[in-house]
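Here the structure comes first, spelled out in structure tokens, and everything after it is commentary.
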Protein chains: 2
Amino acid sequence: MDSKDVRTFLAVAEELHFGRAAERLHMAQPPVSRTIRALEDELGVALFKRDTRNVQLTNAGQELVQPARDIMEAFRRATRIVQAAGRGETGLVRIAYAGASTQVMVGRLARESREALPGIVLELQSQNFAQPAMARVLTGEVDIALGRWDHIPAGVVTRVLASENLVLAVPANHRLAGATECSITDFSEEHFITLAPHPGSVLGDRFRKLCHSAGFEPDVVQIAPDTWTAISLVSAGVGCSLTVSTVANNVNDPNVSFITVTDASEPVALCMAWLENQENAAVDTILKLSEEILPTAS
Amino acid sequence: MDSKDVRTFLAVAEELHFGRAAERLHMAQPPVSRTIRALEDELGVALFKRDTRNVQLTNAGQELVQPARDIMEAFRRATRIVQAAGRGETGLVRIAYAGASTQVMVGRLARESREALPGIVLELQSQNFAQPAMARVLTGEVDIALGRWDHIPAGVVTRVLASENLVLAVPANHRLAGATECSITDFSEEHFITLAPHPGSVLGDRFRKLCHSAGFEPDVVQIAPDTWTAISLVSAGVGCSLTVSTVANNVNDPNVSFITVTDASEPVALCMAWLENQENAAVDTILKLSEEILPTAS
DNA sequence: CTCTTTATTGCATTTTCTGCAATAATCTCT
DNA sequence: AGAGATTATTGCAGAAAATGCAATAAAGAG
């Protein structure tokens, strides 16, 4: 039994007339007759009780009508699904992201995606650091990465989602709390909370460079597993922590105050990265959506 | 897209290797390659990203896997269903029956059928008279009829389900209530309840013949639409009514007493009838079941 | 009983499918 | 970076099948 058999069977079952069925199938009667006969032989069951004047379904034929229609519908469904996937309307998009700022971005993207693109499933992979996320893009384990990188490998395209100023999170009872700007030199004697040091950590590098250029070695009293924990420690008065403006905008804790660091020469770029030659239409769709939801920073 | 395309696609999607897929399909690689290519062209979507070393599904290909499996399953299901129907395990059996005794028989048959043959649906058509039920068998509107017939048309096969004695239903306060036997002559002065007179009604004919041979014209005081109503009227003391032993065995009303009529020479036969050349396997199955549930009366 | 209708069969043709051999492309290993 | 090996693809020829026309047969309708 193959699809032509099913199509032929349904035509005859609906017309109850070999001639009209053949007409509907744009062919001559003999092939119709042969196809039905072959199908009956293969199944070992008579499907029609026919003579030169009347064609009617046998009991078995009756029972085949709905399953046969189901088969045709399964073909239509498969075609619909695969073409929707081809147009990028459905599919799986794997996103790796590292860091507090990217969590905010991914959150927005996921929310909008779920509303506007119900056929696309996002697989979100929170990484601890940006560099492994980039590695996963290169190996094809994920489709899109969000993070901060100094070096972009060949074959990877990036787009800047946000240009973030460096800010210092300080406890509310800190002597500079409430100030809008400060210099890192004002903090040479402070206690600091940092994230775990990791090669390729843009923020970590910046922090060290800032302190060194101001002529001091920071006193790191606590290493936090993630930014949110670091901010909590600041809130608890453990010390200060260098972070970015996006985090400042997404924290509303009266015990924490954020101060822009003026001698942080240039802002750090939060990027989205994907393979140049990627061919997944669903990824293209998400990239396009992200251009609306997360505009390129100036 | 036809079933061969789907089978080929699934083989390649599962092996992720054109050569092994071809092996599994018992053919050479080239046809596999061509089939996939043709399918991709037809759908307008790339299904595999392949080079000489690696074959992997595209996003669209991924999405096609399950629908493709559904198609194959739909074929298997259709085959299973139609062959079950061919073996008489599923299908529709239409049964027409007329009269109180047949209701009892059909009830038993329906109960057993539902338990033992869950795939067979019985369509029960209660008729008021046996003759139209037989007519529906001849026209093919029903598959099996139950009733009492004097004449069996050619091409119809019958089996005797019960050989019923004639009994008189009398009110409990009747002078003969409690007697086991009686003669119709004892009732020449009684009031009678009958069913609507209808040509071909075996019981009606018998009743009239009995009375006439006993030399009286029955005093019919009430015509009931069916036997159960007639028995209710007897119970209410309206009069007596001639019926059959099956009814007597299925009524348990203290206000009604049943007396066997001894001068009712021969019992009446309750029959099951179907077309001699009927080819519906489900009907065969039900006929076979009925031989167990409703044995042929001696 | 004849005529008409219509499914089926015979046969020739065309189309499609299949397989072998050759090719090309790319990944892996040195 | 280059050589080798693996494997998908293409060309072509042969085989299988599907299709259509014409003829046949069978069954109902008048």
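Naming: A, B, ... by sequence-line order, numbering from 1 per chain.
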Quiz item: Under 4.0 Å: is that the gap between some side-chain N or O of B:Lys4 and OP1 or OP2 of C:dT18?
Solution: yes

Quiz prompt | Sorted by number, the residues of residues 7-26 of chain B with heavy-atom contact under 4.0 Å to DNA chain D | solution = B:His17, B:Phe18, B:Gly19

Practice problem: Grab the CG-C1' distance between A:Asp5 and D:dA17 for me, whole Å please. | Solution: 13 Å

Quiz item: Between the side chain of A:His17 and the main-chain N/O of A:Arg20, is any donor-acceptor distance below 3.5 Å?
Solution: yes

Exercise. Could you tell me whether the side chain of B:Arg159 and the main chain of B:Ser290 form a donor-acceptor pair under 3.5 Å?
Key: yes

Quiz item: Mind checking whether A:Leu161 and A:Cys271 have side chains closer than 4.5 Å, heavy atoms only?
Solution: no

Quiz item: In residues 42-58 of chain B, what residues come within less than 4.0 Å of DNA chain D, judged by heavy atoms?
Solution: B:Arg50, B:Asp51, B:Thr52, B:Arg53, B:Val55

Exercise. Round to a whole Å and report the spacing from CG of B:Asp2 to P of C:dT16.
Key: 13 Å

Practice problem: Name the orientation class of the two ring planes belonging to A:Phe48 and A:Phe9 (parallel below 30°, tilted from 30 to 60°, perpendicular beyond 60°). | Solution: tilted

Self-check item: B:Thr58 (side chain) donor-acceptor with B:Leu47 (main chain) under 3.5 angstrom
Solution: yes

Quiz item: Are the side chains of A:Val157 and A:Leu275 in touch, meaning some heavy atoms are under 4.5 Å apart?
Solution: no

Quiz item: Taking CD1 from A:Ile36 and C1' from C:dT9, how many angstroms apart are they, rounded to a whole number?
Solution: 17 Å

Practice problem: Using a strict 4.0 Å threshold on nitrogen-to-oxygen distance, state whether A:Glu123 and A:Arg94 make a salt bridge. | Solution: no

Self-check item: Side chains of B:Ile144 and B:Ile286 in contact at under 4.5 Å (non-hydrogen atoms)
Solution: yes

Quiz item: Rounded to the Å, how far apart are B:Asn277 CG and D:dA27 P?
Solution: 13 Å

Exercise. Figure out the CZ/C1' separation between A:Arg34 and D:dT24, and round it to whole Å.
Key: 13 Å

Quiz item: Does B:Arg80 come within less than 4.0 Å of A:Glu63, counting only side-chain N to carboxylate O?
Solution: no

Quiz prompt | Atom-pair distance (CD on B:Gln29; P on C:dA21), nearest Å | solution = 13 Å

Quiz item: Quick one: B:Glu40 CD to D:dT9 C1', roughly how many Å, whole number?
Solution: 13 Å

Self-check item: Spacing of B:Asp41 atom CG relative to D:dT10 atom P, expressed in whole Å
Solution: 10 Å

